Amino acid sequence: MPISSTPPDVITLQGGILVLPDRLITGGILEIGGGKIIALGGPGSGGESTDRELRGTIVDVSGRYVCPGFIDLHVHGGGGHDFDWQQPWSEWEQVARVHAAHGVTSLLATVPVPHDVHLLYEFRREVAGKEMTGSTILGLHLEGPYLSPVRRGCWPQSSLRLPRPDDCRALLQAAGPSLKVITLAPELPGAMECISLLKAAGVVVAMGHTDATYDQAVQAARAGVRRVTHLFNAMRGLHHREPGTAGAAMDLPGVMAEIICDGVHVHPAAMRLALRAKGVDGLNLVTDASPLAGAPDTTLEVPFGQFPVKVVNGACRAPDGSLAGSLLTLEQAVANATRFLEVPLWQAVRMASLNPARSLGIDDCKGSLETGKDADITVLDNDFGVEATFIGGRLVYVDPAAAGRYKPLNPPHHQSQ
């Protein structure tokens with residue numbers, strides 16, 4: 001194609017290791033423009049030949065891993081900030097900026113239901129899907145209010161209520177299409193009817209913070225549950241005579257399970273058991289990131305919902321010592337997965353990109369490096385640290401140590417966390 005026909009915003013990432021859904025391609029090229037992936041190529045890529053003329057602004061990313069942007073469906077905060085209904089929307093954008101620095105191009109704000117339902121309308125108008133200086137906040141993951149009192153974790157008892165169809169309809173009306181995922185305990189009275197109602201409205205229903213038995217969890221899956229929130233945590237565990245929610249999650253083929261791959265929330269051996277049961281396509285890496293995840297100073301005590309939280313023995317904990325979210329960021333989860341789960345990088349990346357995209361039904365435009373998909377791209381260095389993050393073809397984060405490589409693209413000023 002002649003140079004004269006090149007669109008002005010075309011960027012070509014040259015020489016990198018393309019991370020495809022089923023393999024790595026060394027010495028590849030990835031061309032983006034107009035917010036989309038225009039072309040990709042390399043030996044065995046199935047795309048265009050690398051012999052084609054390189055176009056636009058060329059960035060040499062030789063030796064770097066060029067990945068689809070990570071998608072985190074369970075984020076509470078980061079960098080000392082949190083998704084708090086009492087905070088201005090600019091605080092929510094701060095969280096999005098922090099996670100963009102960790103390779104996340106899209107995320108769900110994971111929050112309890114606000115006391116003032118009007119805030120759900122405001123979120124739709126002000127935040128959901130809007131272009132930001134960080135990760136795109138696709139919508140909401142409501143963790144509650146329909147949670148088990150005995151498995152509520154750090155959620156206060158006062159925030160819980162029983163699921164009722166009229167209550168669910170009110171949430172749906174207020175949140176509209178911005179409500180993407182809701183976590184509930186399926187054993188609660190009225191839950192099955194609400195699961196069917198929410199599923200019919202296009203909401204992904206997850207079971208979590210639950211004391212459901214195996215049989216109750218299976219019934220919930222039949223009613224429409226398609227996800228399990230942070231597998232093994234805040235749920236009835238696996239027992240050989242009562243497999244519980246955890247056993248059902250591993251046994252049910254149509255249910256995707258979240259895994260917090262930090263080595264704190266779940267023992268690596270338990271993660272490997274889950275992988276053998278579910279397969280790569282059945283697991284979704286999430287962070288459950290607390291406000292202290294990615295924070296420059298983890299010696300602080302910060303508010304998180306109803307409680308102050310702080311780092312104790314390498315984990316984020318509430319005053320009673322219980323886990324309160326995590327310190328994990330998603331590029332760390334990917335790196336950990338290669339070690340704890342003993343999987344190749346492309347499988348770890350798949351669990352952090354294509355799998356969550358499929359869970360939300362957005363894999364037609366996100367989740368993998370394919371021509372025509374959104375140019376949401378994460379570039380990792382040899383140690384799996386984030387070097388650069390592109391969202392919709394825009395460079396939104398650059399590691400200061402690598403800024404020279406991306407200088408022709410006018411790197412953003414917010415290069416650090």
Side-chain angles (χ1 to χ4, degrees), residues 10-33 36-48 50 52 54-71 99-105 135 285 294 329-339 343-354 366-371 373-412 414-417:
V10 165
I11 300 167
T12 298
L13 302 180
Q14 176 192 14
I17 304 167
L18 303 185
V19 181
L20 303 186
D22 58 352
R23 62 198 185 281
L24 302 179
I25 300 298
T26 302
I29 60 166
L30 187 76
E31 188 178 279
I32 61 179
K36 301 290 183 181
I37 297 173
I38 300 173
L40 70 160
S45 68
E48 296 187 27
T50 52
R52 64 177 307 219
L54 301 181
R55 306 191 301 167
T57 302
I58 299 167
V59 180
D60 185 353
V61 291
S62 297
R64 274 66 180 171
Y65 296 101
V66 180
C67 310
F70 302 149
I71 302 172
H99 286 277
H102 294 280
V104 174
T105 53
S135 309
L285 298 179
T329 54
L330 205 48
E331 94 284 11
Q332 293 171 348
V334 167
N336 289 344
T338 65
R339 296 186 295 116
V343 296
L345 179 63
W346 62 265
Q347 289 188 350
V349 167
R350 186 184 181 105
M351 289 187 277
S353 54
L354 188 56
K366 297 182 186 294
S368 59
L369 300 181
E370 296 181 58
T371 302
K373 286 194 174 185
D374 295 346
D376 293 352
I377 297 160
T378 298
V379 181
L380 303 180
D381 62 25
N382 290 332
D383 296 321
F384 304 150
V386 176
E387 180 173 286
T389 306
F390 294 81
I391 300 177
R394 293 183 303 117
L395 183 63
V396 300
Y397 169 78
V398 173
D399 180 351
R405 185 189 315 280
Y406 299 88
K407 189 174 181 180
L409 303 181
N410 298 315
H414 52 283
Q415 292 178 349
S416 65
Q417 300 171 42

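What you are looking at is a predicted structure, and each value in this text was computed from that prediction instead of being measured.
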| query | Can you list the steps and then say if Thr371 with Lys36 is a side chain to side chain contact (heavy atoms under 4.5 Å, CB included)? | reply | CA-CA 8 Å; Thr371 302; Lys36 301 290 183 181; over 6 Å; no

| task | Give the C-alpha distance, both sets of side-chain angles, the deciding distance and a yes or no for side chain to side chain contact (heavy atoms under 4.5 Å, CB included) between Ile32 and Ile377. | result | CA-CA 10 Å; Ile32 61 179; Ile377 297 160; 3.6 Å; yes

| task | Show your reasoning for whether side chain to side chain contact (heavy atoms under 4.5 Å, CB included) applies to Val334 and Leu345. | result | CA-CA 8 Å; Val334 167; Leu345 179 63; 3.8 Å; yes

| query | Given Val10 and Glu31, is the side chain to side chain contact (heavy atoms under 4.5 Å, CB included) satisfied, shown in steps? | reply | CA-CA 7 Å; Val10 165; Glu31 188 178 279; 3.7 Å; yes

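Between the side chain of Asp399 and the backbone N or O of Ala401 there is at least one donor-acceptor pair closer than 3.5 Å. Under the 3.5 Å distance criterion, the side-chain polar atoms of Thr105 are matched with a main-chain donor or acceptor of Phe70.
The shortest non-hydrogen separation linking Leu285 to Leu330 is O-CD1, 3.8 Å. Closest heavy-atom contact between Leu20 and Ile25: CD1-CG1, 3.7 Å. Considering all non-hydrogen atoms of both residues, Val66 and Gly16 come closest at CG2-CA, 4.2 Å. The shortest heavy-atom contact between Ser368 and Lys373 is OG-NZ, 2.6 Å. Nearest heavy atom pair, residue Ala348 against residue Thr338, reads CB-CG2, 4.0 Å. Residue Trp346 comes nearest to Pro21 through the heavy atom pair CE3-O, 2.9 Å, listed as atom of the first residue, atom of the second, then distance.
Using a 4.5 Å heavy-atom threshold, the side chains of Arg55 and Ile38 count as touching. At a threshold of 4.5 Å between non-hydrogen side-chain atoms, the residues Val349 and Pro68 count as touching. Leu18 places a side-chain heavy atom less than 4.5 Å from the side chain of Leu40.
Here the straight-line distance linking atom CG of Leu13 with atom CD1 of Ile37 works out to 9.5 Å at 0.5 Å rounding. Atoms CG and SG, on Leu369 and Cys67 in that order, are 7.5 Å from each other to the nearest 0.5 Å.
Shown here are the side chain to side chain donor-acceptor pair (under 3.5 Å) partners of Ser62, two or more places apart in sequence or in another chain: Asp60. With sequence neighbours excluded, no residue forms a side chain to side chain donor-acceptor pair (under 3.5 Å) with Gln347.
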Listed pairs under 3.5 Å, donor-acceptor, residues 380-390 side chains, sequence neighbours left out:
from: Asp381; atom 1: OD1; to: Asp383; atom 2: N; distance (Å): 2.9
from: Asp381; atom 1: OD1; to: Phe384; atom 2: N; distance (Å): 3.1
from: Asp381; atom 1: OD1; to: Gly385; atom 2: N; distance (Å): 2.7
from: Glu387; atom 1: OE1; to: Arg64; atom 2: NE; distance (Å): 3.0
from: Glu387; atom 1: OE2; to: Arg405; atom 2: NE; distance (Å): 3.0
from: Glu387; atom 1: OE2; to: Tyr406; atom 2: OH; distance (Å): 2.7
from: Thr389; atom 1: OG1; to: Ala100; atom 2: O; distance (Å): 2.7

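For the residue pair Gln14/Thr12, the side-chain donor-acceptor check at 3.5 Å is not satisfied.
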